Every structure is written in C-alpha cells, then in structure tokens.
Amino acid sequence: MQNYEPTLVEILQKVRKEGYTEDFNIRFDSIICGDVCLLPQEFEVDKTYRFEGQSNPADQAILYTISSKDGKIKGVLINSYGTYADDLTADMIKKLQ
C-alpha cells in the first residue's frame, strides 16, 4: 500500500471550508491582506502544514492557517522555506516557527 500525502491544493481547499478565506502575504515585519496589516502580536498561527518537493527542492512550501487575535480575520499564508524563504524580522521568524 502506497503512502498518500495530501497536496497543497487539497489542504488549501480543506482549510477554506474551515473559514480561512483570506490570502495573506508577508511583508518584512508583518502579514498583509488588502488594507489589513497584522503585526506578529496581532495574529495567531493556528496550524502549519509543510510540503516537501519530491523531485525538486524548489517545491518545498509551508502553509499557515492564521487568525487575528480579535477573531475577525481568518486566512492562509503560503511561503517557501529553506533557501527560498522570504526575509523576515526576528519577531516574524519567531511567530512562524
């Protein structure tokens, strides 16, 4: 029997159904979505999913499900890790570990 690992797309579809509808992007010291900017102290990482590229190291990715501390915003942040990861402040690195 072959082991099955869910894909990034499958997990993304699953968490969207759980209410993580916003798409966050990393800015050096915060995450942003449209006009919303959240500093590390303003959000929680609810769950982390890592995806290993089986044939290409550039395919390594990490998906974070994130909610604002006030509970008004839930979304996802997808980033590379390792060599291809975005530059972050120490606070952001600590928050996303």
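Keep in mind that this is a model prediction, so the values were computed, not measured.
Using modelled atom types, one side-chain atom of R16 and one backbone atom of Y20 make a donor-acceptor pair closer than 3.5 Å.
Under the rule for a salt bridge (charged side-chain N to carboxylate O under 4.0 Å, His left out), the partners of K14 that lie at least two apart in sequence or sit in another chain are E18. Under the salt bridge (charged side-chain N to carboxylate O under 4.0 Å, His left out) criterion, D46 pairs with no residue at all, not counting sequence neighbours. Taking the side chain to side chain donor-acceptor pair (under 3.5 Å) definition, one finds that Q13 meets it with nothing, sequence neighbours left out. Take N25 and apply the side chain to side chain donor-acceptor pair (under 3.5 Å) test, not counting sequence neighbours, and it matches no residue.
Follow the hydrophobic side-chain contacts under 4.5 Å out from V36 and you reach V45 in the same cluster.
Annotation: the span from F51 atom CZ to E10 atom CD amounts to 9.0 Å, rounded to 0.5 Å. Atom NZ in K47 sits 7.5 Å away from atom OG1 in T65 (nearest 0.5 Å). Taken to the nearest 0.5 Å, the CD1 atom of I66 stands 8.5 Å off from the OG1 atom of T48. Interatomic distance, I31 CD1 to E22 CD, rounded to the nearest 0.5 Å: 10.5 Å.
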Donor-acceptor pairs under 3.5 Å, side chain of residues 37-44 to any protein atom, not counting sequence neighbours: which ones?
| from | atom 1 | to | atom 2 | distance (Å) |
| --- | --- | --- | --- | --- |
| E42 | OE1 | L39 | N | 2.7 |
| E44 | OE2 | K69 | NZ | 3.1 |

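For the pair V15/V76, a side-chain contact is recorded, criterion being any heavy-atom separation below 4.5 Å from C-beta on. A 4.5 Å side-chain heavy-atom check between L8 and I78 finds at least one atom pair inside the cut-off. Within the 4.5 Å cutoff, side-chain heavy atoms of L12 are placed close to those of L63.
Residue pairs meeting the salt bridge (charged side-chain N to carboxylate O under 4.0 Å, His left out) criterion with at least one partner in residues 70-80, sequence neighbours excluded, do not occur; the list is empty.
Taking both residues in full, the closest heavy atoms of F24 and C33 are given as CD2-CB, 3.7 Å, listed atom of the first, atom of the second, then distance.
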